[in-house]
Amino acid sequence: MEILTADFFQRALTGGLLIGLTAPLIGIFLVLRRLSMIGDTLAHVTIAGVALGFLIEVYPIGVGLVFAVVASFAIEKLRKAYKGYAELSIAVIMAGGVALASLFFTLGMGYNNDVVSYLFGSIYTLDTTDLYVVGAVTIVVVAIISVFFKEMFLLTFEEDAASVSGLPVKLLNLLITVMTALVVSTAIKIVGALLVSALLTIPAACSLLIARSFKTSVIFSVVIAEIAVVAGLMTAGIWNLAPGATIVLLLIAMLILTLIGKKGFSA
Amino acid sequence: MKSETAAPAAYCHDNIIELDGVSFAYKDQQVITDLNLVIKERDFMGVIGSNGAGKTTLLKMMVGLLRPTQGEIRLFGEPIRKFRDWDRIGYVPQKNAFNPLFPATVREVVMSGLYSNKKLFRRVGKADQQKCEEAMEVMRIVDIAGKRIGQLSGGQQQRVFLARALINQPDLLILDEPTVGIDAQTQADFFELIFHMHAHHQMTFLMVSHDIEMIEGYLGKEPRDRCGGIKFYVRHSHDQSCEIPGLQHSLLEDAQVPLASK
């Protein structure tokens with residue numbers, strides 16, 4: 001039990017709580033725009049950046065973040081070139097990210113522990129710098145979403161209507177993409193590249209089943225993510241399990257419970 | 001003398017939409033060629049054409065979603081690129097323009113009609129909420145305000161989108177195939193409501209439709225203009241509005257009086 005008061009665990013909890021706020025906040029917009037897989041793609045590209053960071057000895061998350069933002073622009077461009085095939089751009093960029101990542105890793109030191117820690121997450125190794133980065137990203141994301149909440153609602157609900165209302169649709173789309181890149185690249189250290197999209201999408205998947213209004217679905221998904229993060233970290237800490245995996249499995253358990261509960265209600 | 005170009009009408013009604021030699025091509029395919037069109041205040045313009053004739057393209061150009069490859073479009077006398085008064089335009093989209101599983105209540109959707117460029121960085125206040133309630137009252141959807149939009153029937157959804165379009169009390173109402181996928185009775189009610197609004201309110205209408213019967217029934221058999229496969233029918237409600245005082249009444253009053261048909 002004393003693990004719960006340890007410094008590294010406190011840092012993990014703080015980082016987890018911050019990501020538990022930003023990931024579902026962005027995730028709900030992505031899910032509703034049928035871009036659920038974009039998180040996975042950006043995560044893989046971030047890993048390429050992380051690998052390069054190790055190679056040239058620059059703060060890996062920082063390089064990963066730059067990679068993710070660049071990739072998010074590329075996805076937007078490709079999405080326009082292949083209108084109606086949104087998933088194509090995602091697949092192409094994802095493949096590119098994985099290829100680059102493996103190239104950089106083999107150029108450097110091969111697949112070592114550090115690599116594994118970014119693939120599966122290593123929330124216990126969060127240091128103060130990481131926390132500052134996560135904190136800054138959280139502030140940016142929460143600020144942008146609260147300022148443009150109603151516009152982003154309309155944009156997500158019906159992009160054409162948003163244009164006809166004279167909203168800066170291009171800018172808003174860009175903001176969502178860049179925020180996704182920021183959140184994904186910072187979430188990687190916490191749940192790992194392979195599991196990032198779970199934190200983006202599963203809370204939204206749960207809340208879509210129970211919430212009637214847009215506002216409540218946003219609130220529900222944040223609450224669900226935070227419960228999973230806190231309970232997951234505690235469980236993992238006490239029984240010595242992999243924290244990222246525990247969080248994600250808890251999320252899936254909550255989704256199953258919601259599905260069952262919903263069935264029970266409607267039956 | 002043609003009625004729409006008659007001196008008094010030209011004198012006291014401004015041009016709402018003007019198209020000057022507008023052409024549009026998708027890559028090598030010419031969709032619209034050299035179209036000149038004027039919609040005046042209090043006109044009701046019905047746009048009819050077969051699939052692929054370019055109706056949707058035309059509508060998209062008129063609301064700035066597409067740029068013409070040639071020519072100029074003016075809204076309320078202003079070149080469309082400089083136009084900023086988007087809250088003067090109400091827009092009712094095609095029924096399938098949104099995801100039916102989207103978690104949004106009727107109230108949230110109606111309210112979103114207020115989120116124009118002028119509302120950026122501003123909070124939704126008491127007055128806005130009041131507008132929302134009024135628009136819902138006019139469309140008689142107050143009792144379903146808390147329901148998810150996807151759970152409603154096609155006719156109810158149509159009223160929700162109409163309420164959203166009317167929330168700013170727009171000068172121009174644009175409807176894109178508003179009755180696709182709605183049963184005949186609901187369609188008839190919907191058209192009746194729209195035509196009533198045209199007759200009694202200071203509003204200009206532009207409606208794309210495939211329903212020739214309805215359009216010809218209200219706008220007459222003869223299209224005023226043609227462009228390729230697209231026909232433009234126009235009816236003006238000028239005479240009534242200017243000559244009979246007191247005919248103008250607020251939309252809210254309409255809600256108290258049953259619609260002509262009911």
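Heavy-atom basis, side chains included; hydrogens, waters and symmetry copies ignored. Quick note on labels: first sequence line is chain A, next is B, and so on, each numbered from 1.
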Inset, instruction - Before accepting this row, confirm whether a basic side-chain N of the pair B:D85/B:K118 lies closer than 4.0 Å to the acidic partner's carboxylate O. - result: yes
Inset, instruction - Among the options B:P103, B:A104, B:S116, B:G150, pick out the one with the most heavy-atom pairs lying under 4.5 Å from chain A. - result: B:P103
Legend entry - Greatest number of heavy atom pairs closer than 4.5 Å to chain A - which of B:L101, B:V109, B:D87: B:V109
Inset, instruction - Sort out for me which of A:E151, A:K150, A:K215, A:E159 touches chain B most, counting heavy-atom pairs under 4.5 Å. - result: A:K150
Inset, instruction - Could you tell me which portion of B:R107 (side chain, backbone, both or neither) has an atom closer than 4.5 angstrom to a non-hydrogen atom of chain A? - result: neither
Legend entry - Most contacts with chain B, counted as non-hydrogen pairs under 4.5 angstrom, among A:A211, A:P168, A:A162: A:A211
Legend entry - B:V208 and its side chain to side chain contact (heavy atoms under 4.5 Å, CB included) partner, picked from B:I230, B:I215, B:L59: B:L59
Inset, instruction - Considering only heavy atoms and a distance below 4.5 Å, find which of A:D160, A:V164, A:L167, A:T156 pairs most often with chain B. - result: A:V164
Legend entry - Aromatic plane relationship, A:F153 with A:F214 - under 30° parallel, 30 to 60° tilted, over 60° perpendicular: tilted
Inset, instruction - Measure up the B:F83 and B:F76 rings against each other and bin them: parallel (under 30°), tilted (30 to 60°), perpendicular (over 60°). - result: parallel
Inset, instruction - Mark yes when over 12 heavy atoms from residues, nucleotides or ligands other than A:R212 sit less than 6.0 Å from its CZ; otherwise mark no. - result: no
Inset, instruction - Between chain A and each of B:L114, B:L120, B:I149, B:V124, count heavy-atom pairs under 4.5 Å; write down the option with the most. - result: B:L120
Legend entry - Which portion of B:K60 sits near chain A, non-hydrogen atoms under 4.5 angstrom: side chain
Inset, instruction - Would you check if B:V160 and B:V110 make a side-chain contact, meaning some heavy-atom pair closer than 4.5 Å? - result: yes
Legend entry - B:E78 with B:R88: basic N within carboxylate O range, under 4.0 Å: no
Legend entry - Proximity breakdown for A:S217 and chain B, heavy-atom pairs closer than 4.5 Å: side chain
Legend entry - Winner by heavy-atom pair count (cut-off under 4.5 Å) against chain A, out of B:K119, B:R123, B:Q151: B:K119
Legend entry - Among B:F195, B:Y233, B:F191, ring-ring contact (aromatic ring centres under 6.0 Å, His included) partner for B:F44: B:F195
Legend entry - Residue part contacting chain B, namely of A:F149, when any heavy atom lies under 4.5 Å: neither
